[in-house]
Amino acid sequence: MRIVLLGAPGSGKGTQSKLLIEKYKIPQISTGDLLRAAVAANTELGKRAKAAMDAGKLVSDDVVLGMIQERLAKPDARSGFILDGFPRNIPQAQALDAMLARMGQPLQLALLVDVDTEVLMKRLTGRRTCSNAACGAIYNIYFSPPKSPGKCDKCGSALSHRSDDNESTVHNRLQVYEQQTAPLVSYYKAQGKLRTVRGVGSVNEIFKNVSDIIEVQMRPLAAAMSAAAAAAAKGAPAPAAKPVKKAAKAAAAKAASKPAAKPVAKKPAAKPVKKAKAAPKKAAKKVAPKKTKKAAPKKKAAPKAKKKK
Ligand SMILES: [Zn+2]
């Protein structure tokens, strides 16, 4: 899965990225890390990067893209990667697309972790850290406050507020992010690659949604078929993304184990809605074996289901 991750400071995309790395065994590619590594290893690109930095200039997109390309050629990136922090603007996104096209590895997904600005402000400005370096506990006065204000629950030391977490600094950072990212969101949306996940709730809830999006992106055929199956079973138009995915798994499992289940699901759909609802599983089990031989829908349903596996 080849992913670009988009999200504001405080959106929690870093946490989601870590979970993605674990689950899908793909590396995260951070341009900051690549730059440091290339400079330290004194590679050709590293030398050019260092020259630019020494001259107080920004490292050119060519150099950064070259580093990304070298990184993507490594074996661990064969099954995909997560790009975080790059691209930051449209020219970079276009150059990245061109490079990935040459490599025959186009991006599959631009995942935006979306959090309201108000919540981001609270997450970032509400941070308090224990001043005792050996403890280092972290609090948030809005979301996870200490029991007594300004005091660490664990060691009793005073809590400190980082100067770059003050309201105006944070506000500026978020504005810069918004200005940079909004065009990228449109860019990937136009390509049909943008998916958005709400970055609120528990880390696990968010990751569940992220995983659902990725599963659907990885198996677009299965997703389309499950939508069709769900629609047929309910006699209604395909529902939204999440239910579809669950239906997909259920349908796939049914199709794999009991091919006979399919025609039953399809038949009621053709009948009035009341009957469709009334057709329970018990009936399906009894009726199914007989019908498999003559029922036409089965021919359509079963082979597709097998391909999917
Ligand atoms: Zn402490």
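These figures come from a predicted structure and were not determined experimentally. For ligands, and for the atoms within them, numbers begin at 1 and follow the listed sequence. Starting from 1, each residue takes its place in the sequence as its number. What you see below is based on every heavy atom in this structure, not just the backbone, and it leaves out hydrogens, waters and symmetry mates.
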J.: Tracing side-chain links under 4.5 Å among I, L, V, M, F, W and Y, which residues wind up in one group with Met121?
T.: Val115, Val119, Leu120, Leu124, Ile141, Tyr142, Phe143, Val170, Leu174, Val200
J.: Within the 4.5 Å heavy-atom criterion, are Leu96 and Leu107 side-chain neighbours or not?
T.: yes
J.: Could you list the donor-acceptor pairs under 3.5 angstrom formed by side chains in residues 80-93, with sequence neighbours left out?
T.:
{"from": "Asp84", "atom 1": "OD1", "to": "Lys13", "atom 2": "NZ", "distance (Å)": "2.6"}
{"from": "Arg88", "atom 1": "NE", "to": "Gly85", "atom 2": "O", "distance (Å)": "3.4"}
{"from": "Asn89", "atom 1": "OD1", "to": "Gln92", "atom 2": "N", "distance (Å)": "2.9"}
{"from": "Gln92", "atom 1": "OE1", "to": "Arg88", "atom 2": "N", "distance (Å)": "2.7"}
{"from": "Gln92", "atom 1": "NE2", "to": "Asp61", "atom 2": "OD1", "distance (Å)": "2.9"}

J.: When clusters are formed from ILVMFWY side-chain contacts under 4.5 Å, directly or step by step, what else is grouped with Leu159?
T.: Tyr139
J.: Please determine, by modelled atom types, if Thr169 and Asn166 share a side-chain donor-acceptor pair under 3.5 angstrom.
T.: yes
J.: Ignoring water, what protein N, O or S atoms are under 2.8 Å from the Zn ion (ligand 1)?
T.: Cys130 SG, Cys135 SG, Cys152 SG, Cys155 SG
J.: Answer yes if the side chains of Gln28 and Asp33 hold a donor-acceptor pair under 3.5 Å, and no otherwise.
T.: no
